[in-house]
Novice: 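So that we are looking at the same thing, I have put the structure below in structure tokens.
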2 protein chains.
Amino acid sequence: MTETTSRKTAPIRVQLLEAAEAAVLAKGFNATSIDELIMAVGISKSGFFYHFKDKAALARALLERYVEAENVLFDEVSRRATELSEDPLHGFLVELKMLAEVMQDIPNGHPGCIIASYCYQDRLFDDDVRQLTANALLGWRHRFKARLERIAAVYPPRIDVDLDDLADMISALADGGIILSKVMRNPDLLPRQIMLYRAFVRAVFLGN
Amino acid sequence: MTETTSRKTAPIRVQLLEAAEAAVLAKGFNATSIDELIMAVGISKSGFFYHFKDKAALARALLERYVEAENVLFDEVSRRATELSEDPLHGFLVELKMLAEVMQDIPNGHPGCIIASYCYQDRLFDDDVRQLTANALLGWRHRFKARLERIAAVYPPRIDVDLDDLADMISALADGGIILSKVMRNPDLLPRQIMLYRAFVRAVFLGN
DNA sequence: CGCGATACTGGACTCGTGGTACATTTTGCG
DNA sequence: CGCAAAATGTACCACGAGTCCAGTATCGCG
């Protein structure tokens, strides 16, 4: 019934989060006014405070929603890739290619990473929110490290790298690639960096 | 006479820029108030507007100062590295190691990249400022691509990569690494990502 | 010595907007 | 109906950007 891309209008709360996400990624959290959000979805200021007790609650909800969505995406891509291949290395290489394609297919390029945005404004948030961002990155490290370890068990690394670092590298390149793409106004740069990462992984485990 | 790290108090304008840089990297540009800056350096509001005609002028000056400083750093490291080695590949590998060490040696970790910060708040700035950020990244692409081309002329690449992408990768990893370090509160993550990049460059041109 | 820049101080005032509180009302639904 | 969910309206305060202007301290310099 409730599709992810619903035809009918989404609940107000979700509309608020969507408007907020776009605004925060374009102007930062502090410069995102509650007024503009309520204008965008057509409710009153009091209506906003019915859904979020204050602006900090919006910040947290925004972050949770973003992390959740990313995890769903990673799960999905990972699932599809492992279906296609028994071999852990081959499967991971397929996964990375899929990831690059997903990034490539976003109409105006990746809109931005909430974690990166928050990171550069972290004094605006409480420790709770900061902890959530750190945990999200930690989760991705574990996710990718697990895959890398399964690969390393079959393909002994030809290059001496720490698997934690190699797992973190995908997060770093994603965030860095998004920044490159946004600043240089070229959506291709992000997927290209992902493909470079793929080439590196290949070199580490395959030696070419 | 005028040293970069002067013992005497820096000119007010520079003090303002320093205070602004720290605040902007911690809270974002919009949340950085003129009031807090003048409190920090101990001048009046009128004093601020004597130095900067408005807040936008501060934003631009901050960016220019940052880009300038980074370029000086890159020039310096590059110069020292090329002095140590005739071979372009070896020289570049030395340079990357030095870069990682510089990042390692920053007391509380890298404070953050103004370009990344501005990128996530770009609607706050005019086209002029956005152009400056794009040009800075473009400059770094050219800088590193030139080095990579000189390497490729001697060491034919063993892995098929686009040199523009490989040049961009250092910017992406730097920005991504800074985010990793800040979010996870581990200053080591940035230099480690730089060293991973180094390993990749080595693999591309040396095959291991 | 005194002229004129440079580098500010002080104060008063406008304007817009963010954030909050609270009392009240509409809407949907069993 | 009757109750809860989902709002509305209104009033209020604090604060930050920006403007204007009149005044002052400190220089270097002819």
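Just so it is clear: chains get the letters A, B, ... in the order the sequence lines come, proteins before strands, and each one is counted from 1.
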Novice: Check this for me: Arg130(B), atom CZ, are more than 12 non-hydrogen atoms of other residues, nucleotides or ligands nearer than 6.0 Å?
Specialist: yes

Novice: dC15(D) P sits how many Å from Ile38(B) CD1, rounded?
Specialist: 14 Å

Novice: With ring pair (Phe, Tyr, Trp, His ring centres under 6.0 Å) as the rule and sequence neighbours excluded, what pairs involving residues 85-123 of chain B come up?
Specialist: Tyr118(B)-Phe125(B)

Novice: Which parts of nucleotides 2-9 of chain D does protein reach within less than 4.0 Å, heavy atoms only, written one letter per nucleotide 5' to 3' as B for base, S for sugar-phosphate only and - for none?
Specialist: ---SBSBB

Novice: Does Lys55(B) count as lying over the ring of Phe29(B), i.e. NZ or CZ under 6.0 Å from the six-ring centre, within 45 degrees of the axis?
Specialist: yes

Novice: First and last nucleotide of DNA chain C touching chain B, 5' to 3', heavy-atom cut-off 4.0 Å?
Specialist: dT6(C) to dG11(C)

Novice: Between Glu18(A) and Arg13(A), is there a side-chain N and carboxylate O pair less than 4.0 Å apart?
Specialist: no

Novice: Is it true that atom CD of Glu83(A) has more than 12 heavy atoms of other residues, nucleotides or ligands lying nearer than 6.0 Å?
Specialist: yes

Novice: Using a heavy-atom cut-off of 4.0 Å across all strands, would you classify Thr32(B) as base, sugar-phosphate, or nothing?
Specialist: sugar-phosphate

Novice: Ignoring hydrogens and geometry beyond distance, is a side-chain donor-acceptor pair present between Ser117(A) and Gln121(A) at under 3.5 Å?
Specialist: yes

Novice: Rounded to the nearest 0.5 Å, how far apart are CG of Asp168(A) and CG of Leu137(A)?
Specialist: 8.0 Å

Novice: With a 4.0 Å cut-off on N to O distance, would you call Arg198(B) and Glu95(B) a salt bridge?
Specialist: no

Novice: Round to the nearest Å and state the distance from Lys53(B) atom NZ to dA17(D) atom P.
Specialist: 15 Å

